[in-house]
Amino acid sequence: MRNLLPLISSHSGGRSALTCRFRCGDACFQEIPNTSENEYAGDIIARAVSRRSMMRAAAVVTVAAAAGTAALTGPNAPQAEAAALAGHGHKPNPPHKPAPPGARGLRFSPVAPNKNDKVTVPDGYSQNVVIRWGEPILRGAPAFNPEKQTAKAQAGQFGYNNDFLSLLPLRGERGRQVLVANHEYTDEILMFRGYDPANPTREQVEIAWAAHGLSVVVVQEESRTGKLGAVSRHPLNRRLTATSEFRVTGPAAGSDLLRTSADRTGSRVLGTLNNCAGGTTPWGTTLHGEENFNQYFANGTTAEHKRYGIGTGATERKWERFDRRFDLAKEPNEANRFGWVVELDPYDPDSTPRKRTALGRFKHEAAEPRLTSDGRPVVYMGDDERFDYLYKFVSSKRMKKGTSRAAREHNLTLLDEGTLYVARLTGDSPASEIDGSGKLPDDGEFDGSGVWIPLATGTTSHVPGMTADEVYVYTRLAGDKVGATKMDRPEDVEPSPRTGRVYVALTNNTDRGKEGKAPADEANPRNLNKHGQILELAENWDDPTSDGFAWRLFLVAGDPNDPSTYFAGFPKDRVSPISCPDNVAFDDHGNLWISTDGNQLGSHDGLFGVATHGDRRGELKQFLTVPAGAETCGPVIQDRRVLVAVQHPGEVDGASVEKPASTWPDGPGKIVRPSVVAVWRKDGRDIGV
């Protein structure tokens, strides 16, 4: 048996204090925005009559549906229940069956936990830096010079702190693809020599505005390897920044809650901020989640500002000194224009990106769609805050196939009409068996059922006491009113393209179970939760428009030698340790790939692959680690290539341009630069086979 890995001290999760300052405005050290008294799952469980039998019946029906079986009735129901649960991965790998050398797609030697100041990959794999912060991508943009930065130059260069990545096909240009990247936030201490946080200059602020937002850049693959390189000055290359124009669309567009002195129509916004993860649509656009937007706004004045974590004083970056829209005492509605999902058409460099109000406003980690059987998109979303909620949006329109102009114009309206829902989860075990330690209940799993509660459809509110506009703009308050389940920081939410099951990364919540805070429940079973978990959700009858679902915890993260961890029943002595799951993606084999943020186990963050089906369900292996101070973001998993965004390398307490904590990616004497990295097999074969 391994000894438990040593825990390391941290500011919040495993992040440095510097990361917390600039990424989320010290969110974990502020008052928790959700002070609602909506019921905890444990309270519901304790009151339910014969709940265990009822919930198990509901779960069996939904799980059976997800596994492709018929409704369970009649004398053979017990046997059918056992078969359905086994099909859903309820049982570990039978020991008598011969096993291949890892699940297909995961046949590589796992990387050991480490603190290497580099991207560490498995034996037999190579890597290259695809693009770095500051590299020119637009015509006229100069080469990056950290000592001579300007806002004009940065507006034509790859932005800072790359997060979400999407790789899209580029027809007619052999070996080329379109890379789309989010730029979540700036860390001015690591960007500017001699930076004074109390007195930023206008030039520094305008450079930071230009370093936020989105980048579109065409990349070229090297035919003999998996190496990718940016094609500078390609006609599709594009930068969107904190001062670019965005359209507001959907049912809340034009609302009084979105109007400001600069935009009396409530339909045009300058900029997108704190874009975290995102999604890629079946119709060829990308979605971008505006997350910790609250930290950019000073002098919050209302209860709604407080519910969204906006402070009453000055901000860290002091942008309010240079643009009145960041001062809510002067423009109280400006913050309402952020916190949306943005849709971008990367194939049209002249198009105006759109903020989709029908998907609600909160701290969007990501937005990943799937299609219904009749072609309507359903988008799953998490609100990345302690004790906030899980959502989905069901469109009322069907996608049109093809690439004609008419089809594209129609598909660009799909996310403006539909119904927005929030989730309530209920466990199927007695409250007495959920003691906050992470000990499995007597039935051997954390599982149960849930309902999707409608919040609004078009201009109709389903929340008593709130108008539709209020539901969309103050979605968190709508979730409070209807009693949504408080979760442990729901971040990326991804439906499996193969099975339709939905996987929710719950990163951590060290406030779970503290006095006056929500106690452990079956979906969030550990108090003082340092390591997080991944929830697996099966919609009733595998219908994403359903108003009910079954769920179970797929992974309970941490050191495998810790009794509170769980890996879908797979033997824990054969998995890698993992802490703080954040972004997730799927490969073509159905494996879930997980990037981490804030590892609490004494190692750098990394990327992991885990089998979600078959005899090796729950087998989890580490594929790479990132450099000192960095977070792993944006994973893209292709047959022969893996891409990751290495975000905030060197972001360690006490670090600065003058005193770097990392020499990645360019070595000693060079400024630390967030970058995108490609990894491939040296022999040219598919990843992990």
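Nothing fancy with the numbering, it's 1 onward along the sequence. Because the structure is a prediction, the values reported are computed rather than measured.
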If I compare all heavy atoms of [X] with all of [Y], which pair ends up nearest, and what's the gap?
| X | Y | value |
| --- | --- | --- |
| Gln622 | Pro577 | OE1-O, 4.4 Å |
| Arg317 | Pro200 | O-CG, 3.5 Å |
| Pro349 | Leu236 | CD-CD2, 3.8 Å |
| Asp492 | Ala366 | OD1-CB, 3.2 Å |
| Ala557 | Pro581 | CB-CD, 4.3 Å |
| Leu601 | Asp559 | CD1-N, 3.8 Å |

Taken in chain and number order and not counting sequence neighbours, the residues that satisfy salt bridge (charged side-chain N to carboxylate O under 4.0 Å, His left out) with Glu331 are Arg324
My understanding is that only residues two or more places apart in sequence, or in another chain, count here; which of them pass salt bridge (charged side-chain N to carboxylate O under 4.0 Å, His left out) with Glu245? Arg268
Taken in chain and number order and not counting sequence neighbours, the residues that satisfy ring pair (Phe, Tyr, Trp, His ring centres under 6.0 Å) with Trp664 are none
Within the 4.5 Å heavy-atom criterion, are [X] and [Y] side-chain neighbours or not?
| X | Y | answer |
| --- | --- | --- |
| Glu221 | Lys227 | no |
| Gln149 | Phe192 | yes |
| Phe164 | Asn275 | no |
| Arg21 | Ile189 | yes |
| Lys355 | Val269 | yes |
| Ser351 | Arg238 | yes |
| Leu359 | Trp340 | no |
| Val672 | Leu190 | no |

Is a donor from one side chain sitting under 3.5 angstrom from an acceptor on the other, for [X] and [Y]?
| X | Y | answer |
| --- | --- | --- |
| Thr241 | His212 | no |
| Asn508 | Asn529 | no |
| Thr260 | Asp263 | no |
| Thr286 | Ser166 | no |
| Gln600 | Ser579 | no |
| Asn294 | Lys363 | yes |
| Arg356 | Thr249 | yes |
| Thr632 | Asp605 | no |
| Asn274 | Tyr296 | yes |
| Gln154 | Trp133 | yes |
| Thr201 | Glu203 | no |
| Gln647 | Asn161 | no |

Working note: Ser232 + Glu135, criterion side chain to side chain donor-acceptor pair (under 3.5 Å); need CA distance, chi angles, decisive distance, verdict. CA-CA 9 Å; Ser232 63; Glu135 290 190 14; over 6 Å; no
NZ/NE/NH1/NH2 to OD/OE distance under 4.0 Å, [X] and [Y]:
| X | Y | value |
| --- | --- | --- |
| Asp488 | Arg386 | no |
| Arg354 | Glu343 | no |
| Arg476 | Asp388 | yes |

Evaluate the ring planes of [X] and [Y], with Trp represented by its six-membered ring, and classify them as parallel (under 30°), tilted (30 to 60°) or perpendicular (over 60°).
| X | Y | value |
| --- | --- | --- |
| His183 | Phe158 | perpendicular |
| Tyr308 | Tyr474 | tilted |
| Trp319 | Trp209 | perpendicular |

Judged by atom type as modelled, is there a donor-acceptor pair below 3.5 Å linking the side chain of [X] to the main-chain atoms of [Y]?
| X | Y | value |
| --- | --- | --- |
| Asn182 | Glu184 | no |
| Asn114 | Ala112 | yes |
| Thr265 | Ser267 | yes |

Is the count of non-hydrogen atoms from other residues, nucleotides or ligands lying under 6.0 Å from Lys306 atom NZ greater than 12? no
Could you state the interatomic distance from [atom1] ([X]) to [atom2] ([Y]), rounded to the nearest 0.5 Å?
| X | Y | atom1 | atom2 | result |
| --- | --- | --- | --- | --- |
| Glu206 | Lys152 | CD | NZ | 13.0 Å |
| Ser662 | Glu651 | OG | CD | 11.5 Å |
| Tyr185 | Cys276 | OH | SG | 10.0 Å |
| His531 | Asn599 | NE2 | CG | 8.5 Å |
| Gln177 | Gln220 | CD | CD | 10.0 Å |
| His234 | Arg139 | NE2 | CZ | 9.5 Å |

Just do the ring-ring contact (aromatic ring centres under 6.0 Å, His included) check on Phe362 and Tyr389 with the steps written out, would you? CA-CA 9 Å; Phe362 43 88; Tyr389 309 134; 9.1 Å; no
Apply side-chain contact (heavy atoms from CB on, under 4.5 Å) to the pair Thr272 and Glu290, showing each step before the final yes or no. CA-CA 7 Å; Thr272 184; Glu290 296 183 317; 2.7 Å; yes
Exactly one candidate in Glu365, Glu631, Glu494 meets side chain to side chain donor-acceptor pair (under 3.5 Å) with Asn583; the answer is Glu365
With Arg489, which of Asp384, Asp582, Asp597 fulfils side chain to side chain donor-acceptor pair (under 3.5 Å)? Asp384
Check against side chain to side chain donor-acceptor pair (under 3.5 Å), Arg239 and Ser215: CA-CA 5 Å; Arg239 280 300 323 282; Ser215 288; 3.1 Å; yes
